[in-house]
J.: 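I'd like to ask you about the structure that follows.
Order of listing sets the numbers, starting from 1, for every ligand and every atom in it. Note that the structure is predicted; figures quoted are calculated from it, not measured. Just so you know, these numbers use all the heavy atoms, side chains as well, and skip hydrogens, waters and symmetry mates.
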Amino acid sequence: AQSHVLWPEIDRITAEQLHYARQGVGEGVWELFAEDGEMRMYKREEEVNGLVVDPLKAVHTVKGVTGFEMCHYFFSPDYRLDWETTIEQMKVLEKVSDDTMIFLQIHKRVWPASQRDALFWSHLRQVPDSRDPDAQNIWIVCNHSTEHHSAPEKSNGKYIREKSNGKYIRVFLTVALVCQTMIEPPKNGAQITRDDLTCKITYCSVVNPGGWAPASVLRAVYKREYPKFLKKFTHYVYDQCKNKPIRF
Ligand SMILES: CCCc1ccc(-c2ccc(S(=O)(=O)CCO)cc2)cc1[C@H]1C[C@H]1c1ccccn1
């Protein structure tokens, strides 16, 4: 993908998001708003031009899967409709390379706000750990809004069923899923099994709704949808992997 026009931006945003994901939530600005088992979900309340763009950061620990497996199921279009419940339609507009694609997603309407779509590149990458050079166990998927000739801001009906008003408000998003595999080597030198695996997850998301929506509505939607999404997604990956050979 190094030759693609988007490559410099993909490289820069992915590196920025990795750094951002690694920053702790200790500094007081993050507000814990959801907990479920090992999952902790934090937000910051921010508005841009009166629009709610609350950054979100979630940390979670899932036993029995690797960081690669978690990122693979998050990245691949083949499984998305199995775990993403807020999407009405999804299309891969361009396959830039095996690890980079451009998606167009129509999200379900969040009443009373009008319906939105999201157009973004998605990039999957293994990350050398600066602090531990031989840690080959960190993977990231970064999703970042982009433009594409085949899906201008106004839904042109060519690919996606035209709604009555012929237009979806386009959100602007940056999302990162960073996953690290921890292995508890079996005492007796036996082969590693899924019981020896733990996946440490950091999920970061900033979604600008692109057009006005009541702050109270958006905050209620995020409070409900994000915990549901991360719980459903991680359970889905565990179920998909549990009877399959481990992929690092
Ligand atoms: C008015 C904003 C509408 C809206 C647009 C977009 C998104 C959204 C898009 C992408 C991603 S992802 O993590 O990249 C997974 C791929 O789909 C997550 C969220 C969420 C909402 C809102 C519907 C809410 C929501 C919140 C959390 C999870 C899912 N949906």
Side-chain angles (χ1 to χ4, degrees), residues 10 13-14 17 20-21 33-34 36 39 41-43 46-60 70-93 100-124 139-146 151 153 155 160 163 167-179 201-237:
I10 291 172
I13 302 281
T14 301
Q17 287 300 306
Y20 176 67
F33 76 87
D36 183 330
M39 184 179 73
M41 212 157 244
Y42 303 83
K43 71 169 182 174
E46 284 180 14
E47 300 193 7
V48 170
N49 306 329
L51 295 183
V52 164
V53 291
D54 298 354
L56 178 126
K57 181 178 277 197
V59 292
H60 195 7
M70 201 58 82
C71 285
H72 167 72
Y73 282 97
F74 186 75
F75 172 76
S76 173
D78 303 345
Y79 312 104
R80 186 151 307 163
L81 297 178
D82 297 345
W83 54 266
E84 244 285 22
T85 57
T86 71
I87 289 178
E88 218 171 64
Q89 292 181 55
M90 178 206 73
K91 180 154 187 58
V92 176
L93 295 186
T100 306
M101 295 187 192
I102 297 178
F103 289 93
L104 176 60
Q105 298 189 160
I106 307 266
H107 283 259
K108 287 175 182 162
R109 184 163 178 224
V110 172
W111 190 90
S114 42
Q115 194 158 13
R116 260 90 173 157
D117 67 10
L119 196 160
F120 55 92
W121 53 255
S122 184
H123 176 58
L124 165 69
W139 287 82
I140 182 171
V141 177
C142 189
N143 295 344
H144 181 75
S145 286
T146 189
E153 286 269 316
S155 73
I160 301 280
K163 300 285 274 189
K167 177 174 170 50
Y168 301 106
I169 297 179
R170 181 149 297 166
V171 304
F172 191 87
L173 62 84
T174 303
V175 166
L177 180 74
V178 180
C179 297
I201 299 168
T202 302
Y203 172 83
C204 301
S205 159
V206 181
V207 176
N208 181 319
W212 191 78
S216 55
V217 167
L218 280 180
R219 287 188 166 128
V221 166
Y222 292 160
K223 190 176 174 72
R224 183 183 70 236
E225 290 297 333
Y226 274 115
K228 199 163 80 176
F229 141 74
L230 197 56
K231 183 172 180 141
K232 181 173 176 71
F233 170 67
T234 50
H235 279 89
Y236 172 80
V237 174

J.: Are any non-hydrogen side-chain atoms of F172 and V53 less than 4.5 angstrom apart?
T.: no

J.: How are the rings of F103 and F75 set to each other: parallel, tilted or perpendicular (split at 30° and 60°)?
T.: perpendicular

J.: Which of the numbered atoms in ligand 1 are below 4.0 angstrom from a heavy atom of L173?
T.: 9 (C), 10 (C)

J.: List every atom of ligand 1 that sits less than 4.0 Å from any heavy atom of L218, numbering the atoms from 1 in the order shown and giving each element.
T.: 1 (C)

J.: Would you say CG of D78 has more than 12 non-hydrogen atoms from neighbouring residues, nucleotides or ligands within 6.0 angstrom?
T.: yes

J.: Please state which protein non-hydrogen atom is closest to atom 14 (O) of ligand 1 and give its distance, to 0.1 Å?
T.: N143 ND2, 2.9 Å

J.: Ring pair (Phe, Tyr, Trp, His ring centres under 6.0 Å) with F74: which of Y79, F233, W139?
T.: F233

J.: Hey, which atoms in ligand 1 end up nearer than 4.0 Å to a heavy atom of V221?
T.: 24 (C)

J.: Among all protein non-hydrogen atoms, which one is nearest to atom 19 (C) of ligand 1, and what is the separation to 0.1 Å?
T.: Y226 OH, 4.1 Å

J.: Distance under 4.0 Å to a non-hydrogen atom of Q105: what atoms of ligand 1 satisfy this?
T.: 16 (C), 17 (O)

J.: May I ask whether F103 places a heavy atom under 4.0 Å from ligand 1?
T.: no

J.: Polar-atom distance check: R80 versus ligand 1, any N or O pair below 3.5 Å?
T.: no

J.: Under 4.0 Å, heavy atoms only, figure out whether ligand 1 is touched by the backbone of K108, its side chain, both or neither.
T.: neither

J.: Checking a contact table here: which protein heavy atom is nearest atom 18 (C) of ligand 1, and how many Å away?
T.: Y203 OH, 3.6 Å

J.: For E84, is at least one N or O under 3.5 Å away from an N or O on ligand 1?
T.: yes

